[in-house]
Amino acid sequence: MLKRIRTDQLRLGMHLHELCGSWMDHPFWRSRFTLRDPADLRRIVVSGIKEVWIDTDKGLDIAGGLSRAEVAEQVERELEVAATAPLPLSEIVVPEKPPASDASGELGRATQLRQQARQKVESLFNEARMGRAIHAEGCLPVVDEIMGSVERNPGALLSLIRLKTQDEYTYLHSVAVCTLMVALARTLQLPAAQVRAAGLAGMLHDMGKVRIPLAVLNKPGRLTDEEFALMRRHPQWGHELLVEGGGVPPLVLDVCLHHHEKIDGSGYPHGLPGASLSLFAKMGAVCDVYDAITSARPYKGPWDPGEAVRQMAQWKGHFDPLIFQAFVKTVGIYPIGGLVRLQSGRLGVVLEQGLLSLLTPKVKVFYSIQAKARIPPQVVDLAEAGCQDKVVGVESPEAWQFENLEQLWAGSAARR
């Protein structure tokens, strides 16, 4: 039986099934093993991770804790509130969504923009590795293009940037965080100048990784304590590089330095609590983690976007609750490209968010659970009058052994 317990309840002899936090926060390249080494127990405790999943059939048990079903029910309630309730901040208003442009047309434009932005970031990293100054203003035309794409159709570029190989990750991660920051800033209805600065911050937030040896940055196995400590220095190194380049807005410097801080004070590099963190640093923390865990890494496969949102909702003390609530409104509780199960017993991938409710997306169904077979793809708009179907859960493509699902929702744009 799986149950979630607090980290301070961990004991040697327990079988660790999963750490409740981003794998960027700890040095373990695997999380399923029986705790036998006191040093491993100490590493988990000092990592700042507050909760873990244990398998009581494979190791020691403990009184209390929450089952999978209890946690899932709790998370779904919280996400429905996040999706439907207005943001409880007087200075933050959720804007009405403008009519979206044709999704397929915007996917074509987004494909070209994705490549253009990737080349710009790769050029920046290469220049920095050669010791040349970073000229942040050179990124602004690309940021402006990304703002335009998000304005026309938020889902197109947001979904497309997930399609990246391990080799592309370093550069496209910066593009992805830029896009997510722009989209989240628009959800928060920030002034245009701040939306632009937030996008620039996302583009430049990981520049410090140019100082990390590639052997460490792309290591497929467990990091040593020394390598993990090296990785955790990249926010400070990035801040130094941007300051040296000059002309970088304070907001951008702040996000670069503090995007790995957590509101409970267990983040790095300074261990700042939420009250000491800016709105933009809190935004950067959410956007950075979401793209990281939905991307393939040398040591970890990507999470389905719907599952990623649900995992992040469980990480208490990690994100500002109000910013995370706004983020859920931005990507949806059923993000584009995610695999969902319908009440009718069919599986489908999400094509678009519902215009009136995030609970009723447009879905392309392609599989019958009862028949255990694929069916001719059909687009179902769950918001359409008279539609009796609804989403009843998110599914893992890996568990169903589905491959290349991106072809269903991205079409030719998925073939790079």
So does [X] pair up with [Y], basic N to acidic O under 4.0 Å?
X	Y	answer
E18	R68	yes
D264	K262	no
K219	E227	yes
K50	D8	no
K329	E80	no
R4	E51	yes
E151	R186	yes

**Q.** Sequence-distant partners of H259, ring-ring contact (aromatic ring centres under 6.0 Å, His included), two or more places apart
**A.** H205, H234

Q: Please list, chain by chain and in numerical order, all residues satisfying ring-ring contact (aromatic ring centres under 6.0 Å, His included) with Y290, sequence neighbours excluded.
A: F327

Q | Option among D254, D288, D320 that satisfies the salt bridge (Lys or Arg N to Asp or Glu O under 4.0 Å) test with K282 | A | D320

To the nearest 0.5 Å, what is the distance between [atom1] on [X] and [atom2] on [Y]?
X	Y	atom1	atom2	result
S174	F125	OG	CZ	4.5 Å
L60	I54	CG	CD1	8.0 Å
K58	L16	NZ	CG	11.5 Å

(Q) Tell me whether Q112 at atom CD has more than 12 heavy atoms from other residues, nucleotides or ligands lying less than 6.0 Å away. (A) no

Q) Does a donor on one side chain sit under 3.5 Å from an acceptor on the other, for W400 and E395? A) yes

Q) Who pairs with D61 by salt bridge (Lys or Arg N to Asp or Glu O under 4.0 Å), at least two apart in sequence or on another chain? A) K3

Q. Taking only residues two or more places apart in sequence, or in another chain, which ones meet E127 in a salt bridge (Lys or Arg N to Asp or Glu O under 4.0 Å)?
A. R132

Q.
Considering only residues two or more places apart or on different chains, which pairs with a residue in residues 142-167 satisfy ring-ring contact (aromatic ring centres under 6.0 Å, His included)?
A. none

Side-chain donor-acceptor contacts of residues 138-146 below 3.5 Å, not counting sequence neighbours, with atom names and distances?
unit_1	atom_1	unit_2	atom_2	d
D144	OD1	R196	NE	2.8
D144	OD2	R196	NH2	3.0

Q.
Ring of W53, cation from R32 - is the NZ or CZ under 6.0 Å from the centre and inside 45° of the axis?
A. no

